[in-house]
Amino acid sequence: MDEKAQRQPNRKLIGAVIIVGCAVLGVIVALTWPRQPQQAPPLPSEIQQQPGITVQRPVLKHMEKGQLAWQAQLRELHIAAGGQMIEAKGLEEAIIYGKAGEPLVRLTADKITGQTGRRDFEVSGNVRVVSYRAAIITTDKLSWNQEQQLLLCPGAVEVKNEQAIIMTSGLDYFVAQDLVKCPGQVTMYAGENTVVGSNLEYNVATGNFRLEKIQMVFHAEEAKERLKELRQQ
């Protein structure tokens, strides 16, 4: 075999070694080359969190002429950026006081909202109001007007005390006067009677009431049973 024929396999072998060496070098460079650190995707809570400040278990208080007007014990309070709007989850207890400093009503709800520097607020979700006159109000949403000492219930609402049970939609409760006003249709269970009418004015403290446009009055066992069921709720 001549010298030219012997060189041909050697050239192929050298070429293969060069190719393999380049490939290995490429892998080493890819593994060791500095990379930009990857940022972890934001958590769902970070995406949903509104800008502002969150405080755990605060107590809000509002004073009127040196007297405590109302205070609220909250589970969590969020103050929006700019410090104007406040929103709280879990209203554990709020107490509204009269002008002489006496407690008038106690209320609980899922949520309370308002504005810093304002005297009024709104609550929603499983709202329950207990008057110190022994009346209980249940609804889904209400607002408090400090100037008028007024609880406004725009939706379906139920009022209970020892004298009567009132079911209606839309109710104004002037807590300082112990006066409930219901302009719409009202179903009222009192004693063994069921009365249906409208434009109710009801004094929570005395049990006296005035009802207009009475449509029907029931004196039956059915009314007794219904009254019993409502009182057990």
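As the structure is a prediction and not an experimental result, all values here were calculated from the model.
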Q: Using every non-hydrogen atom in the two residues, find where Y202 and G207 come nearest and quote the distance to one decimal.
A: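 Between these two residues, the closest heavy atoms are CE1-O, 3.5 Å.
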Q: Indicate the atoms forming the closest heavy-atom contact of E93 with T108, along with that distance.
A: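 Where E93 meets T108 most closely, the heavy atoms are CA-CG2, 4.3 Å.
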Q: So, does T139 use its side chain to make a donor-acceptor pair with the main chain of V127 at under 3.5 Å?
A: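 No: the side chain of T139 does not pair with the backbone of V127.
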Q: Any side-chain heavy atom of L74 sitting closer than 4.5 Å to one from L91?
A: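 When only atoms from C-beta onward are counted, L91 and L74 do touch, with a gap below 4.5 Å.
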Q: Could you tell me which residues satisfy salt bridge (Lys or Arg N to Asp or Glu O under 4.0 Å) with R57, sequence neighbours excluded, listed by chain and number?
A: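 Salt bridge (Lys or Arg N to Asp or Glu O under 4.0 Å) list for R57, sorted by chain: E92.
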Q: Does the side-chain contact (heavy atoms from CB on, under 4.5 Å) test come out yes or no for L171 and V159, once each step is laid out?
A: CA-CA 10 Å; L171 178 147; V159 183; 3.4 Å; yes
Q: side-chain contact (heavy atoms from CB on, under 4.5 Å) between I165 and E158: does it pass, once the steps are laid out?
A: CA-CA 7 Å; I165 295 176; E158 180 180 285; 4.3 Å; yes
Q: Should W70 and L68 count as side-chain neighbours, where that means a heavy-atom distance under 4.5 Å?
A: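 Heavy-atom side-chain distance check fails, nothing below 4.5 Å.
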Q: Anything under 3.5 Å between a donor and an acceptor, one on a side chain of residues 208-218, the other on a protein residue two or more places apart or in another chain? List them.
A:
{"from": "N208", "atom 1": "ND2", "to": "T206", "atom 2": "OG1", "distance (Å)": "3.2"}
{"from": "R210", "atom 1": "NH1", "to": "E212", "atom 2": "OE2", "distance (Å)": "2.5"}
{"from": "R210", "atom 1": "NH2", "to": "E201", "atom 2": "OE2", "distance (Å)": "3.2"}
{"from": "E212", "atom 1": "OE1", "to": "N199", "atom 2": "ND2", "distance (Å)": "2.9"}
{"from": "E212", "atom 1": "OE2", "to": "N199", "atom 2": "ND2", "distance (Å)": "3.4"}

Q: If a pair satisfies salt bridge (charged side-chain N to carboxylate O under 4.0 Å, His left out) and one of its residues is in residues 61-71, list it, with sequence neighbours excluded.
A: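 Listed by first then second residue: E64-R119.
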Q: For E76 and Q56, test the side chains for any donor-to-acceptor distance below 3.5 angstrom and give the result as yes or no.
A: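 Looking only at side-chain atoms, Q56 and E76 do form a donor-acceptor pair, the distance falling under 3.5 Å.
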Q: Show the numbers, then the answer: is there a side-chain contact (heavy atoms from CB on, under 4.5 Å) between T113 and K111?
A: CA-CA 7 Å; T113 57; K111 182 179 177 182; 3.8 Å; yes
Q: Would you give the length of the straight line joining atom OH of Y189 to atom CD1 of I166, rounded to the nearest 0.5 angstrom?
A: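 So the gap between those two atoms works out to 12.0 Å.
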Q: Enter the distance from T138:OG1 to K160:NZ here, rounded to the nearest 0.5 Å.
A: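 Answer for the OG1-NZ pair, T138 versus K160, is 6.5 Å.
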Q: Pair up each side-chain donor or acceptor in residues 94-104 with any protein partner under 3.5 Å, not counting sequence neighbours, and list the distances.
A:
{"from": "E102", "atom 1": "OE1", "to": "A100", "atom 2": "N", "distance (Å)": "3.3"}

Q: How would you list, by chain and number, every residue that makes a salt bridge (Lys or Arg N to Asp or Glu O under 4.0 Å) with R75, sequence neighbours excluded?
A: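 R75 satisfies salt bridge (Lys or Arg N to Asp or Glu O under 4.0 Å) with no residue once adjacent residues are dropped.
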Q: For A135 and V204, work out which heavy atoms get closest and say how close.
A: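 In this case the closest contact between A135 and V204 is CB-CG1, 3.3 Å.
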Q: Quick one: do L150 and I112 end up in the same hydrophobic cluster if we chain Ile, Leu, Val, Met, Phe, Trp and Tyr together by side-chain heavy atoms under 4.5 Å apart?
A: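 The answer is no; the residues belong to distinct hydrophobic clusters.
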Q: Q185 and side chain to side chain contact (heavy atoms under 4.5 Å, CB included): which single residue from L200, T168, V196 fits?
A: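 Option passing the side chain to side chain contact (heavy atoms under 4.5 Å, CB included) with Q185: V196.
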Q: What heavy-atom pair brings V157 and G170 nearest, and what distance separates the two atoms?
A: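 Heavy-atom minimum between the residues: CG1-N, 4.4 Å.
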Q: Look only at the side chain of Q149 and the backbone of Q146, and say whether a donor-acceptor pair between them is shorter than 3.5 Å.
A: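 Yes; at least one donor-acceptor contact below 3.5 Å.
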Q: Could you measure the distance from the CG atom of L107 to the CD1 atom of I136? Nearest 0.5 Å is fine.
A: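 Reported to 0.5 Å precision, the distance equals 13.0 Å.
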Q: Hey, quick one: are V130 and V123 part of the same hydrophobic cluster, counting side-chain heavy atoms closer than 4.5 Å, chains of contacts allowed?
A: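 V130 does not cluster with V123.
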Q: Do L142 and V129 come close enough that some side-chain heavy atom pair is under 4.5 Å?
A: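 A side-chain contact exists here, since the closest heavy-atom pair is under 4.5 Å.
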Q: Determine the minimum heavy-atom distance between S169 and A156, stating which atoms define it.
A: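 Taking S169 first and A156 second, the nearest heavy atoms are OG-N, 3.9 Å.
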Q: How many angstroms lie between atom CE of M167 and atom OG1 of T194, to the nearest 0.5 angstrom?
A: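 Taking CE in M167 and OG1 in T194, the distance rounds to 11.0 Å.
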Q: List the atom of V105, the atom of Y173, and the distance in Å for their closest heavy-atom pair.
A: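 What the structure gives for the nearest pair is CG1-CE2, 4.1 Å.
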Q: Check salt bridge (Lys or Arg N to Asp or Glu O under 4.0 Å) between D178 and all other residues, then give those that pass, not counting sequence neighbours.
A: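 D178 satisfies salt bridge (Lys or Arg N to Asp or Glu O under 4.0 Å) with R133 only.
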Q: With side chains defined as the heavy atoms from C-beta onward, is the minimum distance between H62 and F121 less than 4.5 Å?
A: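 A side-chain contact is absent here, since even the closest heavy-atom pair is not under 4.5 Å.
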Q: Just so I know, are the side chains of T54 and L77 near enough to count as touching, which here means a heavy-atom distance under 4.5 Å?
A: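 Counting from C-beta outward, T54 and L77 never come under 4.5 Å.
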Q: Kindly work out whether a path of hydrophobic side-chain contacts (I/L/V/M/F/W/Y, heavy atoms less than 4.5 Å apart) joins L179 to L151.
A: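 No; tracing contacts between hydrophobic side chains, which count when under 4.5 Å, never links both residues.
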